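Remember, it's a predicted structure, so these values are computed and weren't measured experimentally. Residue numbers start at 1 and run along the sequence shown.
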Amino acid sequence: MKKSVFSGTFRYLLLAAAGAALVGCGTSRLSKINDDGHLAEQASPVWPSIENNRWQPEGSVPNLANLAQVKPGLSKEQVYGLIGRPHFAEGMIDVREWDYVLNLTAKGGEQTQVCQYKLLFDKRMKLASVIWRQEACAEIATGA
């Protein structure tokens, strides 16, 4: 009888190595967030590549009145109701970071700006931080 190469101890070692590799992949694409839902000290936000936006590759055009209501203290359900689901697959369990690609146009403007928008949640899953990748997008969103 021929013994499989993937039996016994070797199989468990292979599975452990694969699991460690997957854990390493997941941590590099998420921002370091403290329990209060803010970036950890000396950490910068990690921005996903717009090209990896598989949920909504074209981004979305949010209602600016709804976008203006996205503020710290909201639950994920409330955020979802205002601007929809996040555009990237950050994970399934205890996800505390949502990323969006938003298409914004300044008042009276004709050119649309493609913007990256990040929301960070605290351990209670309440919105704690709102971060724009481009300052011009924050200005459009607030009407400044």
Side-chain angles (χ1 to χ4, degrees), residues 4 6-144:
S4 171
F6 294 105
S7 64
T9 306
F10 181 73
R11 180 174 54 188
Y12 292 111
L13 289 172
L14 186 62
L15 288 172
L22 288 174
V23 167
C25 289
T27 57
S28 65
R29 64 183 188 88
L30 295 175
S31 303
K32 292 184 172 124
I33 307 169
N34 65 25
D35 289 349
D36 294 332
H38 300 284
L39 289 172
E41 190 174 325
Q42 298 181 353
S44 297
V46 175
W47 296 98
S49 169
I50 291 177
E51 293 77 32
N52 291 335
N53 179 357
R54 295 188 185 118
W55 297 110
Q56 219 167 341
E58 70 284 356
S60 64
V61 179
N63 175 311
L64 291 179
N66 286 358
L67 188 59
Q69 293 179 56
V70 176
K71 299 196 184 301
L74 294 179
S75 69
K76 286 184 169 185
E77 292 286 324
Q78 291 168 316
V79 171
Y80 183 88
L82 290 169
I83 61 172
R85 70 174 183 249
H87 296 168
F88 296 86
E90 284 89 353
M92 299 285 286
I93 301 170
D94 285 335
V95 175
R96 298 180 46 224
E97 179 172 6
W98 283 5
D99 286 284
Y100 293 84
V101 175
L102 303 178
N103 299 296
L104 303 179
T105 305
K107 288 180 184 174
E110 294 184 20
Q111 187 172 3
T112 299
Q113 172 99 24
V114 177
C115 304
Q116 284 188 269
Y117 187 60
K118 181 180 291 292
L119 303 177
L120 304 178
F121 296 87
D122 64 19
K123 285 284 192 183
R124 299 174 304 125
M125 298 303 166
K126 296 291 185 181
L127 180 59
S129 299
V130 174
I131 305 169
W132 290 96
R133 185 168 192 178
Q134 305 91 343
E135 184 60 36
C137 295
E139 292 170 5
I140 294 170
T142 60

Can you tell me how far apart [atom1] ([X]) and [atom2] ([Y]) are? Round to the nearest 0.5 Å.
X	Y	atom1	atom2	result
Ile131	Arg133	CD1	CZ	12.0 Å
Lys123	Ile33	NZ	CD1	9.5 Å
Lys71	Leu119	NZ	CG	12.5 Å

Student check: side-chain heavy atoms of [X] and [Y] closer than 4.5 Å:
X	Y	value
Thr142	Trp132	no
Leu39	Asn34	no
Tyr117	Ile83	yes
Trp98	Leu120	no
Met125	Asp94	yes
Leu127	Val70	yes
Asn103	Gln113	no

Looking only at atom types and distance, does a side-chain atom of [X] sit under 3.5 Å from a main-chain N or O of [Y], one as donor and one as acceptor?
X	Y	value
Thr112	Leu104	no
Gln78	Lys126	no
Gln134	Gln116	yes
Asp36	His38	no
Lys76	Val95	yes
His87	Val101	yes

- Would Glu51 and Ser49 count as having a side-chain donor-acceptor pair, cut-off 3.5 Å? yes
- So the salt bridge (Lys or Arg N to Asp or Glu O under 4.0 Å) pairs with at least one residue in residues 96-107 (sequence neighbours excluded) are Glu97-Lys118, Asp99-Lys118
Which heavy-atom pair separates [X] from [Y] by the least distance, and what is that distance?
X	Y	result
Ile50	Val114	CD1-CG1, 4.0 Å
Leu67	Pro62	CD2-CG, 4.1 Å
Pro72	Ala128	CG-O, 3.7 Å
Gly37	Ser129	O-OG, 2.8 Å

- Start with the C-alpha distance between Thr105 and Val61, add both sets of side-chain angles, then the distance that settles side-chain contact (heavy atoms from CB on, under 4.5 Å), and finish with yes or no. CA-CA 9 Å; Thr105 305; Val61 179; over 6 Å; no
- Item | Residue pair Tyr80, Leu74: steps toward the side-chain contact (heavy atoms from CB on, under 4.5 Å) verdict | CA-CA 10 Å; Tyr80 183 88; Leu74 294 179; over 6 Å; no
- Is the number of heavy atoms from other residues, nucleotides or ligands within 6.0 Å of CD (Glu58) greater than 12? yes
